[in-house]
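Report on one structure; see the data block that follows.
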Amino acid sequence: YGQKPEDCVGKTTVELGLWQSAEERQAVADRLMQEGSLRDFERTYHNRDGKEIIILGSATLMELEDEVCQLSIGSDVTQLRQFEALLSVLAADFISLQPDEIEDRVGFGLDQLGRFLKVDRCQLCLFDDTVERTASIQSWTLDGQFQPSESSCEMPWLEQCYSEGWTLALTSLDDLPQEAKVERAFLESEGILSLLGVPMNVENELIGHLDFAMTTETRTWPEEIRIRVELAGMIFANALHRKRLHERDNLVQREFRRALLDAQESERTRIARELHDQMGQSLTAMRIHTHWIRQRVDENHSALAKELSPRVANLMEIINEIIPDVQRLCAELRPSVLDDLGLLPALEWLADEFETRTGTICNLEAQAQTIPPEDERDIALFRITQELLTNITKHAKASEVTIQFTANAEEILLIVDDNGRGLTPKDREKRGHFGLLGIRERAENLGGTVEITSRMGQGVMVTVKIPNHPIPN
């Protein structure tokens, strides 16, 4: 309590400041007289220096020389309650975070715990899905000098402790059993004198461990501290598990979208082939037979022939119009130039076809003469360009479009810039507006990004960046 014995003689506990007020003391005394004993009740008071102290106490009545006396015992739980308050703040903080913000916040949590526990180092190790390798390490040190070892070191005894859910509390390395020779050698090499390690489990699945170490002196780890450190491990484990589930969901969604795009592309190819082979042949046969009929009608000078002649001529014109339409549709579904010559010639064909069809000037500026063919990447870049040109045709009211394509060893850059009306604030609010969602999905499937810059009345510039390397399966 911070009081000297001579200062306590002749004074009441209220006068010594052990109670907030005489009424509070009287209320506890009345309960004690009624019940005979009180267990584990908390109260707050200020010690001699004015510091707030939280006491967990128990009291009982007893007779001493025929007088009723009170025997009380109390322990200072101020640090434990402050630790619990810190854990509550950390838990609430992690719950409020988005999954992609969690990992950056782990370092802040380690700093808060390390400073509160007054340890020299703390470290969080996260396992991969196989629980055989460490996927990531985040560490904190009081002096900021320590860097975690990146070398892999198999420690079977320690791994067994964590896998079975044990908390490891070492006052000194002499507490290690004989079979933990590898662990002892490693800890000695790291300069660790005392260690408190807790497993991080979620739904009986071990995802990592949280360690606190002393390098300047030995430290005992009381049970009440160990229990709360285990709670800290649970807080980190739940947050990081939520992040991992989010990443898995995103991966599944990306794989689904990728499979869907592959299926769409396969279906486009199939339809284009059938249109070319079946309808193309049928139209060609119709044209030949119609031409034969037209010749016979023109050679015949009967009244019926004169009546049929303009109709046959009109039929020939319709067939002649349908054939290039089918050819254009086949090319849009799956241009043969993309398969035969590669991406750059396909972009040239796309720009020329766009300018011919719409009358809008379309310039292609390519600073990469050739790039190694990559089927999925080339299809995606072609479709992105095709979709952007379609958007410009429908919405931009542009008179000129510029397509810039550059590639180096690290990155491929595609920029489509128009001088149209730009995106209005209302346009930006529309979800998936103008097919941009599909464009983003294609770019993200390649590990790339899409940036949209709009200038009101001056057009839209879409920048697509993707890494220039083979796409992992």
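The shortest heavy-atom contact between E183 and P156 is OE2-N, 3.3 Å. In this structure, E84 and R228 approach most closely via the heavy-atom pair OE2-NH2, 2.7 Å. The shortest heavy-atom contact between A351 and I403 is CB-CD1, 4.4 Å. Nearest approach of V464 to A443, heavy atoms of both residues: CG1-CB, 4.2 Å. When all heavy atoms of P199 and Y162 are compared, the pair lying nearest together is CB-O, 3.6 Å. Closest of all the heavy-atom pairs between G447 and P467 is O-CD, 3.5 Å.
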Donor-acceptor contacts, no H, no angles, side chain residues 220-227, under 3.5 Å, sequence neighbours left out:
from: W221; atom 1: NE1; to: L170; atom 2: O; distance (Å): 3.2
from: W221; atom 1: NE1; to: L195; atom 2: O; distance (Å): 3.3
from: W221; atom 1: NE1; to: R219; atom 2: O; distance (Å): 3.4
from: R226; atom 1: NH1; to: W221; atom 2: O; distance (Å): 2.7

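No donor-acceptor distance shorter than 3.5 angstrom exists from the side chain of Q138 to the backbone of V106, with no hydrogens or angles considered. Listed for the N419 side chain is a donor-acceptor partner under 3.5 Å among the backbone atoms of E400. Although no hydrogens or angles enter the test, the distance criterion places a donor-acceptor pair under 3.5 Å between the side chain of R421 and the main chain of H395. No donor-acceptor pair closer than 3.5 Å links the side chain of Q404 to the backbone N or O of I415. The backbone N or O of M316 lies less than 3.5 Å from a partner atom in the side chain of N320, making a donor-acceptor pair. In this structure, R377 contributes its side chain and L446 its backbone to no donor-acceptor pair below 3.5 Å. No donor-acceptor distance shorter than 3.5 angstrom exists from the side chain of D418 to the backbone of G459, with no hydrogens or angles considered. One N or O on the side chain of N408 and one on the backbone of E411 form a donor-acceptor pair closer than 3.5 Å. Remark: the backbone N or O of I54 is paired with a side-chain donor or acceptor of T78 at under 3.5 angstrom.
In R81, the CZ atom is crowded: over 12 heavy atoms of neighbouring residues, nucleotides or ligands sit closer than 6.0 Å. With a 6.0 Å radius and a threshold of 12 heavy atoms from other residues, nucleotides or ligands, E179 has its CD atom above the threshold. At most 12 heavy atoms of other shown residues, nucleotides or ligands fall within 6.0 angstrom of atom NE2 in H291. The 12-atom threshold is not exceeded at CE of M234, counting heavy atoms of other residues, nucleotides or ligands nearer than 6.0 Å. Residue R287 qualifies as open at atom CZ: its count of foreign heavy atoms under 6.0 Å is 12 or below. Other residues, nucleotides and ligands place more than 12 heavy atoms under 6.0 Å from the CD atom of E164.
The stretch residues 89-102 participates, sequence neighbours left out, in these side-chain hydrogen bond (donor to acceptor under 3.5 Å, both in side chains) pairs: D93-R105.
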The test is side chain to side chain contact (heavy atoms under 4.5 Å, CB included); show your working for T215 and T141 and say whether it passes. CA-CA 10 Å; T215 59; T141 61; over 6 Å; no
| said: Determine whether T385 and F405 satisfy the following criterion, side chain to side chain contact (heavy atoms under 4.5 Å, CB included), listing intermediate values before the conclusion. | reply: CA-CA 11 Å; T385 308; F405 183 89; over 6 Å; no
For H241 and E205: C-alpha separation, side-chain torsions, deciding distance, then whether side chain to side chain contact (heavy atoms under 4.5 Å, CB included) applies. CA-CA 10 Å; H241 184 65; E205 176 187 356; 4.0 Å; yes
Step-by-step side chain to side chain contact (heavy atoms under 4.5 Å, CB included) determination, V229 to L113: CA-CA 9 Å; V229 170; L113 291 174; over 6 Å; no
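Q458 meets the side chain to side chain donor-acceptor pair (under 3.5 Å) test with no other residue; sequence neighbours excluded.
Taken from CG in D120 to CE in M214, the straight-line distance is 4.0 Å, to the nearest 0.5 Å. Residue I319 holds its CD1 atom at 11.0 Å from OG of S282, rounded to the nearest 0.5 Å. Here the straight-line distance linking atom CD of Q386 with atom CG of L350 works out to 6.0 Å at 0.5 Å rounding. Here CD1 of I207 is found 5.5 Å from CG of L126. Values are rounded to the nearest 0.5 Å. Distance check: L97 CG to D104 CG gives 9.5 Å after rounding to the nearest 0.5 Å. D175 contributes atom CG, which lies 10.0 Å from atom OG1 of T218 (distance to the nearest 0.5 angstrom).
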